[in-house]
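In what follows, a structure is listed as structure tokens, so that the remarks can point back to it.
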2 protein chains.
Amino acid sequence: MYSDSEENYLKAIFHLERFSKEGVSTNAIAEQMQTKASSVTDMLKKLADKKLVNYIKYQGVTLTNQGKKTAASIIRKHRLWEVFLVEKLDFSWDEVHEIAEQLEHIASEKLVDRLDKHLDFPKFDPHGDPIPSKDGTFPERNKVLLSTLKAGESGICVGVKDTSTSFLKFLDKNGIALGITISVLDREEFDGSLEIKVGDEKMTISQLISSNLYLKTN
Amino acid sequence: MYSDSEENYLKAIFHLERFSKEGVSTNAIAEQMQTKASSVTDMLKKLADKKLVNYIKYQGVTLTNQGKKTAASIIRKHRLWEVFLVEKLDFSWDEVHEIAEQLEHIASEKLVDRLDKHLDFPKFDPHGDPIPSKDGTFPERNKVLLSTLKAGESGICVGVKDTSTSFLKFLDKNGIALGITISVLDREEFDGSLEIKVGDEKMTISQLISSNLYLKTN
DNA sequence: TTACTTTTTTAGTCTTGTCTAAATATATTT
DNA sequence: AAATATATTTAGACAAGACTAAAAAAGTAA
Ligand SMILES: [Mn+2]
Ligand SMILES: [Mn+2]
Ligand SMILES: [Mn+2]
Ligand SMILES: [Mn+2]
């Protein structure tokens, strides 16, 4: 239906739209896609011709309903494949993104449906990110950054904000994974670092760490 | 590493090489790939530059060792994914080829290894075709066409020669699948049709059917 | 061997997606 | 408001992969 490149642009615009009330800028897309602004302009015209984006010269773009629907379907495929790789093929959560970037472009509605069923209809991917349903709705979950908790509070790890390999490997090394309970024992106001308990282990983490971990509080 | 298009050409040449002692002709490739001879010539030059084929103008092509290795790895991926689709996602054997045509181009050695393990290292795909090992060797199996059996002989169905949807659906409808035992009750010499027993059912099949079914005889 | 047919290659064009360099529009300072 | 800086678009080019039409080579028949 759409080329890999078109799909990647739609996905990038979709993600950028969540952080800007205005239309998404050409430069923002260029940075996200690791490409040049002029290439973005070219593609925006093509996507506009296909009614996937609303594009006005110099004003940035927004996705049309069709564009949103398409982007959600690609994100759905990406995250379902990530679940597959972790749950069925024993990949670790820092290895799956690159492969899912390829698998998300495989076109077969039946394949996605069967995969979804095979995985028992997961609602969240290995990084805690929501998997949109077929109609494009994203499951919501109350979650807060670990950095916002006060001493004495605790919660269950349900997601990561930073999904870089180095961060994920750090978490692995320290026994932090989705589903793990984390309690804040003490907070150092000077630098925002936290003393926390992960399982039975006590450790101290920086603000950078705590502001990239999502918890579900009770 | 190589583009989807390059991989598809390598695969086509690989399959055509098995039937011709000479180099594979431009027209043969064009027909197999559903493209024009001039497009094939263009691609052969590119593949020759990359040392994947031995190409001499007007003389046809053969794969180099590197070309053979690459082709085998694509076929390996294609067939492993076909097994996955049938065994894990409950697709029928007539539905998997198209999807595998896409999945075979996903690049990740680790993914293929894990998939292989997940499927318990299958040696043959859902159509009975051999799955090459990592080093490119194809498992061999003694098999004969059902059409070559005499009255009174029998064997186990281990593969199909024609893998078209219509043929596979015909087999499904008549209870013929890999692993099923088929006995030849009688042969009509006039048109080569056979009276056979499939499980407990007796039926008569044309020469066209029997010459597309592979059996392993005892 | 010459004439005719078929196969293969070449020449030139097109589309997609990318790039650089230059032009133009918008935003920010002074 | 004018000058300057930044963002965006345009113009022109390129590579990959495909196509058509024409030329050239190879194969076949008379
Ligand atoms: Mn991902
Ligand atoms: Mn993810
Ligand atoms: Mn197949
Ligand atoms: Mn097959």
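Note on naming: letters A, B, ... go to the chains in the order of the sequence lines (proteins, then strands), and numbering restarts at 1 for each one.
We find that CG of B:D42 is positioned 10 Å from P of D:dC19, with the value rounded to whole Å. Between the NZ atom of A:K46 and the C1' atom of D:dT10 there is a distance of 14 Å, rounded to whole Å. Look at CG on A:L10: it is 15 Å from C1' on C:dG17, rounded to the nearest Å. Atom-to-atom, CG of A:D49 to C1' of C:dT16 comes out at 14 Å; the value is rounded to the nearest Å. Separating the CG atom of B:D4 from the P atom of D:dA18 is a distance of 10 Å, rounded to the nearest angstrom. Atom-to-atom, CG of B:L44 to C1' of D:dA18 comes out at 14 Å; the value is rounded to the nearest Å. Straight-line distance from the NZ atom of B:K45 to the P atom of C:dT9: 8 Å, rounded to whole Å. In this structure, A:M43 places its CE atom 17 Å from C1' of D:dT10, rounding to the nearest Å.
Comparing B:V40 and A:E6 against DNA chain C, the residue whose closest nucleotide sits nearer the 5' end is B:V40.
Here the side chains of B:L213 and B:L171 are in contact, with some heavy-atom distance below 4.5 Å. Contact check for B:K11 versus B:E104: side-chain heavy atoms found under the 4.5 Å cut-off. Side-chain contact between B:I75 and B:H15: present, with at least one pair of heavy atoms (C-beta onward) separated by less than 4.5 Å. Residues A:L168 and A:D162 fail the side-chain proximity criterion, which asks for heavy atoms closer than 4.5 Å. B:V160 places none of its side-chain heavy atoms less than 4.5 Å from the side chain of B:N212.
DNA chain D is contacted by B:T35, B:K36, B:S38 of residues 29-38 of chain B, taking any non-hydrogen atom closer than 4.0 Å. Residues from residues 52-62 of chain B with heavy atoms under 4.0 angstrom of DNA chain D, sorted by number: B:Y58.
Residue B:Y9 places at least one side-chain N or O under 4.0 Å from the OP1 or OP2 atom of D:dA18. Proximity of A:S39 to the phosphate of C:dT18: no side-chain N or O atom is located under 4.0 Å from OP1 or OP2. The shortest distance between the side-chain N/O atoms of B:S5 and the OP1/OP2 oxygens of D:dA16 is not below 4.0 Å.
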I'd like a table of atom pairs between the protein and nucleotides 3-6 of chain D - only N or O on both sides, under 3.5 Å - with the distance next to each one.
none

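Below 30°, between 30° and 60°, or above 60°: for B:W81 and A:W81 the angle between ring planes is above 60°, a perpendicular geometry. Aromatic ring pairs are classed by plane angle as parallel below 30°, tilted from 30° to 60° and perpendicular above 60°; the pair B:F167 and B:F170 is parallel.
You'll find the ring centres of A:F84 and B:F84 inside the 6.0 Å limit. If you look at A:F14 and A:F138, their ring centroids are closer than 6.0 Å. B:H97 has its ring centre no less than 6.0 Å from the ring centre of B:H127.
Each of C:dT8, D:dA18, D:dT8 was ranked by its minimum atom distance to the side chain of B:T26; first place goes to C:dT8.
In this structure, B:R141 satisfies the cation-pi test against B:F124, with its NZ or CZ atom closer than 6.0 Å to the six-membered ring centre and inside 45 degrees of the ring normal.
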Begin with the C-alpha distance, continue with both residues' side-chain angles, and end with the deciding distance and a verdict on salt bridge (charged side-chain N to carboxylate O under 4.0 Å, His left out) for B:R76 and B:D116. CA-CA 10 Å; B:R76 173 172 161 79; B:D116 192 24; 3.2 Å; yes

